There are 2 protein chains.
Amino acid sequence: MSIPPISDPRRTLTLRDVSEASGVSEMTVSRVLRNRGDVSDSTRERVLEAARRLGYVPNKIAGALASQRVNLVAVIIPSMSNMVFPEVMTGISDTLEDTGLQPVVGITNYSPDREESVLYEMLSWRPSGVIIAGLEHTEAARAMMAQAGIPIVEIMDIDGTPVDSAVGISHRRAGRKMAEAIIAAGYRNIAFLGTMMPYDHRARKRLEGFEEALAKAGLSLVDREFYSGGSALLKGREMTEAVLTRSPQVDFLYYSNDMIGAGGLLYCLHKGINVPSQIGLAGFNGVELLDGLPRKLATMDACRHEIGRRAAAIIAGKAQGGVIGGEIIELSPTLQPGDTIRN
Amino acid sequence: MSIPPISDPRRTLTLRDVSEASGVSEMTVSRVLRNRGDVSDSTRERVLEAARRLGYVPNKIAGALASQRVNLVAVIIPSMSNMVFPEVMTGISDTLEDTGLQPVVGITNYSPDREESVLYEMLSWRPSGVIIAGLEHTEAARAMMAQAGIPIVEIMDIDGTPVDSAVGISHRRAGRKMAEAIIAAGYRNIAFLGTMMPYDHRARKRLEGFEEALAKAGLSLVDREFYSGGSALLKGREMTEAVLTRSPQVDFLYYSNDMIGAGGLLYCLHKGINVPSQIGLAGFNGVELLDGLPRKLATMDACRHEIGRRAAAIIAGKAQGGVIGGEIIELSPTLQPGDTIRN
DNA sequence: ATCGGCTATGTTAGCGGTAACGGTCCTTGG
DNA sequence: CCAAGGACCGTTACCGCTAACATAGCCGAT
């Protein structure tokens with residue numbers, strides 16, 4: 001096939017094309033497109049016109065290499081399909097919006113090895129910062145983050161030792177708090193229903209805190225049930241049925257997340273169980289999506305939006321030459337009693 | 001502060017560091033780390049050992065610039081918090097998994113301008129392909145995609161003209177099909193409840209197809225109600241109440257998505273309305289999450305997972321020097337009658 | 001007129017890798 | 001014994017852009 005010397009539609013454009021089209025040096029074009037340095041209004045116009053006409057899209061790869069600056073922030077989270085991380089993302093995006101920084105998401109599916117490789121992949125693009133869920137990582141992952149020379153913020157959880165900064169809540173404390181509220185309401189035969197995922201450390205810590213508080217009151221879990229995969233609503237329903245059949249004396253069901261809690265609630269209502277006097281229920285997360293349920297599920301807000309905002313703010317602050325030291329921000333989840341715990 | 005000549009913990013490592021540490025040229029290190037070209041086992045070992053010991057993370061920016069190859073696929077979608085795109089993403093990830101390609105997500109919030117700027121931003125990183133939701137884009141966005149010289153796949157919808165390839169369903173046909181099923185079931189006083197978003201073209205097309213089929217049967221919508229923002233479940237509840245109060249004669253409620261449909265279903269059941277004999281309901285998307293509802297909502301599967309897989313397959317195929325021409329793949333959504341349409 | 005001191009632009013030298021090609025050895029067959 | 005070829009590794013020249021420095025006008029002050 002022929003190779004037209006100029007304006008081959010297939011060849012991707014470079015600064016040189018724009019510079020030739022507008023009769024100035026590449027450097028001047030670069031200055032115009034980045035709004036940096038002094039350029040006269042007349043040449044600025046000429047350059048912009050040429051760039052627009054040609055449909056030039058700058059090559060950030062070259063730009064980043066030359067300037068040693070990348071406007072990306074790596075965000076590494078376990079999942080995107082469970083209502084909790086999308087909201088964290090919203091907080092991050094909102095805050096990053098007007099900083100020139102851009103989030104790039106990586107998903108780990110709660111696998112430490114996958115997390116390590118996603119982190120490696122993202123670091124190889126030399127982002128300006130990393131926001132990563134949780135405090136538990138492989139040793140190699142921790143080493144990479146410590147070495148990277150960029151701000152690192154571990155989010156969601158503060159029960160542990162962060163590599164650099166951390167923003168989150170104490171899930172252990174959250175579990176305790178919920179247990180105390182339940183006990184105070186007079187419930188005594190309490191069951192736990194949650195995920196089986198061995199790497200969901202936050203759910204695990206909540207359960208630990210929960211059992212700790214029960215123990216302090218001389219109680220212990222009457223029953224427990226775990227699941228993995230499938231429709232959360234349906235699983236909640238099935239697990240609830242299993243528990244209530246197996247342990248009819250149960251008077252409270254503590255779920256590790258709102259979604260299965262909602263399934264349980266629907267099951268109880270369907271069975272004509274009196275909620276909350278006969279049986280009480282509570283979930284975790286404060287998922288707004290579920291506000292339309294027949295009865296409002298008791299839950300605990302995980303400050304997801306706020307966590308995203310604060311984490312992004314830390315990255316943004318440090319990226320523009322802020323301090324080095326890591327900071328730990330603990331947020332306080334609030335109990336939302338809803339209609340499923342008797343007052 | 002002092003500037004140690006070597007092994008400054010702050011300086012980021014380069015190939016040169018690894019090459020010096022292992023006594024071979026940078027080129028050989030590069031070959032080892034990419035598994036390309038011949039390298040003896042003994043040097044390979046030495047290099048890998050050195051890289052590991054130093055904690056070297058390759059710089060893909062430099063690599064991409066030199067090789068003119070980037071293993072990223074831009075995925076541009078309107079939202080991540082509505083159950084539909086996470087599943088598309090899963091399909092994309094699954095298929096890209098073993099191709100060496102990596103998805104990078106950008107969110108537009110249903111704003112054409114935002115879509116344009118996200119696209120520009122992503123193209124400036126010179127991805128190997130673009131997967132973008134919908135067929136409606138700004139003129140500039142279309143121009144950019146046409147110029148980019150990489151495979152473009154527009155997903156979800158095929159009612160229109162794609163820039164390059166397209167994978168999706170016909171939402172107009174989906175709307176028609178649902179209307180026909182509803183009419184066949186004997187319902188005659190039908191109302192529509194949906195989103196107000198002017199840029200949700202797919203919901204719009206479904207409604208158009210729906211009304212088209214109604215018209216063909218000599219019917220027209222008895223009532224309609226729109227919402228925006230808020231908890232979908234709750235909105236579905238509120239809208240349903242509004243419609244049933246305003247138009248008591250209604251015997252069928254067609255929702256633009258499953259989530260508000262679920263809210264409506266819960267409302268009807270709560271009010272003691274006999275579903276589906278007194279009032280029928282249907283949604284759209286086939287959201288598995290909702291399987292645990294007291295009654296299974298009639299819906300239409302949007303082939304989300306399959307769309308993701310096929311789109312990714314097209315990109316993967318073309319990225320390794322496949323053909324140039326665009327292809328259009330139409331998938332067929334299947335009606336899931338559930339328990340909310342009388343047989 | 002001469003000399004700073006601006007402003008507006010150009011020039012040079014990389015950024016950290018990789019493609020392409022070149023050069024050693026060492027083996028092997030004629 | 002030598003040519004040919006493969007295995008292994010190094011050298012050179014960029015990729016497209018930007019930091020840093022140079023340069024050319026042009027102004028007002030001396």
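Letters A, B, ... are given to chains in the order of the sequence lines, protein chains preceding strands, and every chain is numbered from 1. Here the structure is a predicted model, which means the values were calculated and not measured. Quick note: numbers below take in every heavy atom, side chains included, and nothing from hydrogens, waters or symmetry partners.
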Mind checking if [X] touches a base, just sugar-phosphate, or nothing, with heavy atoms under 4.0 Å?
X	result
A:Arg69	sugar-phosphate
A:Asn59	sugar-phosphate
A:Arg36	nothing
A:Arg31	base

Distance-only, no hydrogens or angles: does the [X] side chain make a donor-acceptor pair with backbone N or O of [Y] under 3.5 Å?
X	Y	result
B:Asn109	B:Ser111	no
B:Ser165	B:Glu327	yes
A:Ser117	A:Arg114	yes
A:Ser30	A:Glu26	no

* Which nucleotide span of DNA chain D, 5' end to 3' end, has atoms closer than 4.0 Å to non-hydrogen atoms of chain B? -> D:dC8 to D:dG16
* Asked: Do other residues, nucleotides or ligands put more than 12 heavy atoms under 6.0 Å from B:Tyr110 OH?
  -> yes
* Asked: What residues, two or more places apart in sequence or in another chain, satisfy side-chain hydrogen bond (donor to acceptor under 3.5 Å, both in side chains) together with B:Thr138?
  -> B:Glu116
* Structure fact -> Between A:Leu65 and B:Asp41, the residue closer to the 5' end of DNA chain D by nearest nucleotide is B:Asp41
* Structure fact -> Sorted by position of nearest nucleotide on DNA chain D, 5' first, the leading residue of A:Ala62 and B:Gly23 is B:Gly23
* Residue of the set B:Asp159, B:Val84, B:Asp157, B:Leu135 for which side chain to side chain contact (heavy atoms under 4.5 Å, CB included) holds with B:Arg202 -> B:Asp157
* Would you say the side chain of B:Leu72 lies within less than 4.5 Å of the side chain of B:Met122, judging by non-hydrogen atoms? -> no
* Taking any atom under 4.0 angstrom from a heavy atom of chain A, which nucleotides of DNA chain C are the first and last to qualify, 5' to 3'? -> C:dA8 to C:dG16
